[in-house]
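Here is the structure we will look at, set down as structure tokens.
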Amino acid sequence: MFARLRNDFPILDTRIGESPLSYLDSGATSQKPQCVIDTFTEYYSQRNAAVHRGAHSLAVMATEAFEAGRDAVANLVGGAPEQVCWTKNATEALNIVALGIDRASRGLGGDEAARFALGPGDSIVVTEMEHHANLVPWQQLARSTGARLRWLPVTDSGELDLTDLGGIVDATTKVFAFTHVSNVLGTINPVETLVARAREVGALVVLDACQSVPHMPVDFPALDVDFAAFSAHKALGPTGLGVLWGRTELLDSLPPVLTGGSMITTVTMDEAEFMPAPQRFEAGTQPVAEVAAFATALGYLAEVGLDKVLDHERELVRVLLDGIAEIPGIRVLGSAENRIGAVAFDVAGVHAHDVGQYLDSQGVAVRVGHHCAQPLHRRFGVTASTRASTYLYNDVEDCRRFLTALAEVRPFFGVTDAEAAS
Amino acid sequence: MFARLRNDFPILDTRIGESPLSYLDSGATSQKPQCVIDTFTEYYSQRNAAVHRGAHSLAVMATEAFEAGRDAVANLVGGAPEQVCWTKNATEALNIVALGIDRASRGLGGDEAARFALGPGDSIVVTEMEHHANLVPWQQLARSTGARLRWLPVTDSGELDLTDLGGIVDATTKVFAFTHVSNVLGTINPVETLVARAREVGALVVLDACQSVPHMPVDFPALDVDFAAFSAHKALGPTGLGVLWGRTELLDSLPPVLTGGSMITTVTMDEAEFMPAPQRFEAGTQPVAEVAAFATALGYLAEVGLDKVLDHERELVRVLLDGIAEIPGIRVLGSAENRIGAVAFDVAGVHAHDVGQYLDSQGVAVRVGHHCAQPLHRRFGVTASTRASTYLYNDVEDCRRFLTALAEVRPFFGVTDAEAAS
Amino acid sequence: MTDQMQQLYQQVILDHSRARTGNAALLREAAAGAHGYSHQVNPTCGDEIELETELETGGGLSVRWTGDGCSISMASASVLAELAAESTAERMLEIEAKFHELMHSRGTMEADEEILGDAAAFTGVSKFPARIKCALLAWMAFKDALSQAQSSLEEK
Amino acid sequence: MTDQMQQLYQQVILDHSRARTGNAALLREAAAGAHGYSHQVNPTCGDEIELETELETGGGLSVRWTGDGCSISMASASVLAELAAESTAERMLEIEAKFHELMHSRGTMEADEEILGDAAAFTGVSKFPARIKCALLAWMAFKDALSQAQSSLEEK
Ligand SMILES: Cc1ncc(COP(=O)(O)O)c(C=O)c1O
Ligand SMILES: Cc1ncc(COP(=O)(O)O)c(C=O)c1O
């Protein structure tokens, strides 16, 4: 099946110079199947209109497409459609939670928001492997509320160090925000253990699901998280769309951050009343075409089956890891067994940027840099790494091309083993 | 020229039941020419990748498309590309300014943000004709900072009442936020006069340019505004994209609201440093395909010429206003001479929702409701109105079809003049 | 004019939207019996309704309302008030459930005129997704007000 | 291996990226003469450079730097330091301007070897938009540090 499916992605026929394209950068953003691309054409040619605000036929069709998108997400990750709030990306989704708590901590949002209030003496816990999107908003929140920011460290094997979980997540902890899967290491974190500890101390759980939802079956209600965030563009969907998922009673009481049209009930010159979720978080004209395209993407993913996607990517990551082990001078960051198809590594004597440039000249697209995880890179003693990441359209041939090119990198830059060791 | 141009918009061939479509709802969102739709196909089939973060060829192409979009906007509205920050919609853009000022007022954002700080004793001025997007964020800011919110009233003719401009915008005024063009009345406001007063008292000027940029030539540096906001979807562009335009020195010192990846320089577990504008306002993966499509849209608009668009729409609005004047029982809201092609009205004895429904049955798509301007509707003694709004693809035939259908509305609902008058 | 429009705007609806049963000043605190009040807004179009219901000692009930909205929402309130005058609270909840089901049937359901009475005229609305909320607005207010009235009765 | 890759990674660049001129511990406060310091980061890839320059009384100048980054950025700093050792401040600003122009030429400009010296080897970089910042990082730090050194000289 996976071999056939590759043909659904027109960009994979692109040639980079003389080489065919091996796209191993899906951790940054995924490519799109033809059906998703076609949804844009279809939407803008047949049913484009502003949603929720009109009686005319186009508006009705657009509204139906928009709301059907919520159903598609709820089908994928569990919960009811009203638990799905559209955002521009996962980053906005995480910020909505952090900034909503910030507002609640200032006494804004009424009595029902008081449950979110934070202050000096309270703590927020994250981990050392977070993407900046799930770190910087919490730093900002800690700074503005006076709460303390703490974090779970990462072991040499690239897993969360749970030795002091009970000490770090303690009675002062009001929010525990962590990633389901590391975008650098590929490690799948033990959500159950972390949630169990959060429940013991009564902390809110915020899950960064950016790297899990596209690559494996995920069920938020079963994981028992309070809020979760992910982006459409990493899951075969378009740019410009993300999801904030939450428990209804929490969403309905969290103060909205962005305010304006379509999220209010009554507005006078002096004040405004907000709608319940999901609308309260959807101020202004929404990414409607993007929602329609994402619904198509989720239909495609559902047809393939996310359990199969995970299996497929695990086969590929085996090929990658085994192949890399045979190339001298490559250090893979982390070695977790429970992982998705993302592999970050350091090439002795060659900077990641140069590694990426060489691989690109061979048609192999990988990511280089800190992958928005500077603290994690610092933990591993580097400022940058090269990351190969897979998706359902990759095959063993992509991995082989990558491995062949990678073996040529150090010779090309004239790095000898002796030099690199120094 | 305008007759031919209609063929570029595939959706205009849609039939609503047995009727051809007359789309008179561009004030809510515009339709898209084929070239804009094709840009999605082209982008996702040939150069989709995450921008600004990779050395590989696709990433380079995507980054170029993304940055070229800024050039296209700067060409249209003036200023340098770095003055163009991408947002999800105009609403987000206006919120970034209001929430950035909120942060500055709490002492966040360092010394350079102090210039934005507001407190009790200060005032924020808006107008009674604002869209909720340019009203509610300022209400929220007033509430959280203790500043006072004031507003310029609207006259019976649907223009700003400037009688007491000097008293309302006074020495306490720190922010003066107003719309360039009313989305309900179509009135073009005297920006020069308003800006001149703001300059006298040293207030920041925030311009809601949602209804001006798509319909007429606009030059922000010439208008001498500090910040401006508009949405792509109203200007032939895609959903999911807006613009915050600002003076460089202001953008660089305004504290960012959404934080995360791609907007930072250095991140440790404890703190983060932010990049200058535009990146500081662009946290997370951006709507890259949307930017590419918007650049195409702006190219299309530039080719037509926005001066010609304004002339064309003014011809159509004449036809609309003259025609409506002949139909008994219709009251048009506002009567400004200096206007774009938007006409809102009240039908005696028939609720706007029913008016819209009847027009839709005749293939005429209009907007009904409060158009996100409840206070303005209250000012005119109604809770809802029907609005017909034009764009470059409309023709006199659309106006005729609308007028014919509108004349049938009261008879259909069996409203006699005597009854309506009661 | 299309068939669908005729189905949507049945004569019954047009009549009720003009001669509105129960459309009267609210009593509020002045109400004698067990009493409930609800204010509902349809943020999409600005339709608004304030509705109060009073439970009578014999099990009957009465509904008064004021509102501003489209013909569908006003007619629906009027029909509701008319039905309330002839029914018990229990019966009204039964009608409400049927009406709710009918509205969400996308035009695939036959209206049960025995139960629904004049409310059966709203069958055509179910084919217009944007208008369903209009038809349901008064009923939402009624359910809310009734449950308040019932709990105030229990307290007594 | 493509032609473009050979143009990008000229031998001069690879050599400089390994044997780095001027790559030495910074003096900071210990510096004797008029002195400027700059820290530049390329947030895209994490490349970083700390560079200081000292103006000598005779009009000459010296550059010291430490950094972490790709071969292009490190080689560029090394070439800069080598050129600085042979030039005046004025001459260096001339080179900087030419280099800046070359980098933004998208491969359409011939490098002026007379002025640029070893920096001419970076011509191929201008065809790789994502790498231009790497080549310019040290130069940005230099311009910043130099203007500080010059103003501290004026103050004296
Ligand atoms: C005058 C005006 N301001 C603001 C907005 C909000 O724009 P958006 O919904 O695209 O954020 C609109 C359009 O809805 C508008 O017409
Ligand atoms: C783990 C993780 N969290 C958050 C993000 C941020 O997602 P986005 O950039 O789509 O907002 C990403 C991807 O960039 C990610 O991999």
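Within every chain, numbering begins at 1; the chains are lettered A, B, ... in the order of the sequence lines, protein sequences first and strands thereafter. Only heavy atoms go into these numbers, but all of them, side chains included; no hydrogens, no water, no symmetry mates.
Salt-bridge check for B:R379 with B:D156: passed, with a basic side-chain N closer than 4.0 Å to an acidic carboxylate O. Salt-bridge formation is not detected for the pair B:D395/B:R401: no Lys NZ or Arg NE/NH1/NH2 atom is positioned less than 4.0 Å from an Asp or Glu carboxylate oxygen.
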### Task
Verify side-chain hydrogen bond (donor to acceptor under 3.5 Å, both in side chains) between C:K127 and C:Q4, making sure each step is shown before the conclusion.
CA-CA 8 Å; C:K127 284 188 200 144; C:Q4 288 216 335; over 6 Å; no
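Relative orientation of the B:H132 and B:H370 rings is tilted, given thresholds of 30° and 60° on the angle between their planes.
Judged by distance alone, with hydrogens and angles left aside, the side-chain atoms of B:H351 form a donor-acceptor pair with the main-chain N or O of B:H353 at under 3.5 Å. A donor-acceptor pair under 3.5 Å is formed between the side chain of B:H371 and the backbone N or O of B:S385. At distances below 3.5 Å, not a single donor-acceptor pair connects side-chain atoms of C:T66 with backbone N or O atoms of C:A25. At least one donor-acceptor pair under 3.5 Å links the side chain of B:K32 to the backbone N or O of B:S30.
Contacts from residues 104-116 of chain C to chain B, taken as heavy-atom pairs separated by less than 4.5 Å, involve no residues at all. Heavy-atom neighbours of chain B within the stretch residues 67-93 of chain C, taken at a separation under 4.5 angstrom, comprise C:D68, C:G69, C:C70, C:S71, C:I72.
B:Y358 pairs in a side chain to side chain contact (heavy atoms under 4.5 Å, CB included) with only one of the listed residues (B:V350, B:V364, B:V409), which is B:V409.
Interface remark: C:N42 contributes no atoms to any contact with chain B (heavy atom separation under 4.5 Å). For a residue to count as touching a neighbouring chain, one of its non-hydrogen atoms must lie under 4.5 Å from one of that chain's; by this rule B:Q374 does not touch chain C.
The minimum heavy-atom distance between B:Q31 and B:Y393, with the atom names listed, is N-OH, 3.0 Å.
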